[in-house]
Amino acid sequence: RQGGRALWLSGLCWGVMFTAFMVALTLTTVASVLVTMAAGPLLTALIARITLGHRIPARTWAAILAAGVGIAWMFGHQAGGSGIAGTLVALLVPLAGAVNWTIAQRAHARGHDVDLVPAVLVGAALSSLATLPLALPFQATPHDLGLLAFLGLTQLAIPCALAVVCARVLQAPEISLLALLEVVFGIA
């Protein structure tokens, strides 16, 4: 309730990221979604530069370029093709992420050190509401629900909360580079 505008905008971004990721996975291959997410650092650097005036160090630009080229090279043959709709939906993930990290940086730069960890919960709730019609009729077994709860905690809640905590000390493009670990671990 006291988070203000930054909290709710960040929560909306998280909701878009969660929802777009899941919907994209139903429309195209995992590789296409992950390669598309590799655009995150570049989009974040550009948005942070335009809106916040961040000067991006050469080492960060080099890391962004190296990561993007490496991921595209590894999975380029699997991207695109018949799953173009899924790839376009997946593009919402790095775009919303770029906006989210910029919101966190902007709030911090203005001296509003709002705890944006609850924004992850807001985003999860918004995503759950948006995807509820897609889940009908409910057919998950107790075993499925246990796996979903485990994955939700270990792959979403904990890493996302840690990313928000990192946003307090790292620049937006650096946080986005850390998010590329999703590509590596997504493959695993």
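What you are looking at is a predicted structure, and each value in this text was computed from that prediction instead of being measured. Only heavy atoms go into these numbers, but all of them, side chains included; no hydrogens, no water, no symmetry mates.
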Supply the atom-to-atom distance [X] [atom1] to [Y] [atom2], rounded to the nearest 0.5 angstrom.
X: Ile175; Y: Gln105; atom1: CD1; atom2: CD; result: 5.0 Å
X: Cys160; Y: Leu121; atom1: SG; atom2: CG; result: 11.5 Å
X: Leu148; Y: Leu153; atom1: CG; atom2: CG; result: 12.5 Å
X: Met17; Y: Asn100; atom1: CE; atom2: CG; result: 4.5 Å

Can you find a heavy atom in the side chain of Leu95 that is under 4.5 Å from one in the side chain of Ile47?
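When only atoms from C-beta onward are counted, Ile47 and Leu95 do touch, with a gap below 4.5 Å.
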Heavy atoms, side chains only, cut-off 4.5 Å: are Val23 and Thr19 in contact?
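The answer is yes, as the side chains (C-beta and beyond) meet within the 4.5 Å cut-off.
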Over all heavy atoms of both residues, which pair between Ala20 and Val93 is shortest? Give the atoms and the distance, please.
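Nearest heavy atoms, Ala20 then Val93: CB-CG2, 3.8 Å.
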Ser176 versus Pro41, closest heavy-atom pair with distance
OG-N, 3.0 Å
With distance as the sole test, does [X] use its side chain to make a donor-acceptor pair with the main-chain N or O of [Y] at under 3.5 Å?
X: Thr131; Y: Leu134; answer: no
X: Thr87; Y: Ser32; answer: no
X: Ser127; Y: Gly123; answer: no

Under 4.5 Å between side-chain heavy atoms, hopping through other hydrophobics if needed: is there a path connecting [X] to [Y]?
X: Leu126; Y: Trp8; value: yes
X: Leu12; Y: Leu43; value: no
X: Leu170; Y: Trp14; value: yes

As a quick check of understanding, evaluate side-chain contact (heavy atoms from CB on, under 4.5 Å) for Leu151 and Leu156, giving each step before the final call.
CA-CA 7 Å; Leu151 290 173; Leu156 283 177; over 6 Å; no
Please determine whether side-chain contact (heavy atoms from CB on, under 4.5 Å) holds for the pair Phe18 and Val120, giving the CA-CA distance in whole Å, both sets of side-chain angles, and the decisive distance to 0.1 Å.
CA-CA 10 Å; Phe18 294 151; Val120 177; 4.1 Å; yes
Using a cut-off of 6.0 Å, state whether more than 12 heavy atoms not belonging to Phe138 lie near its atom CZ.
yes
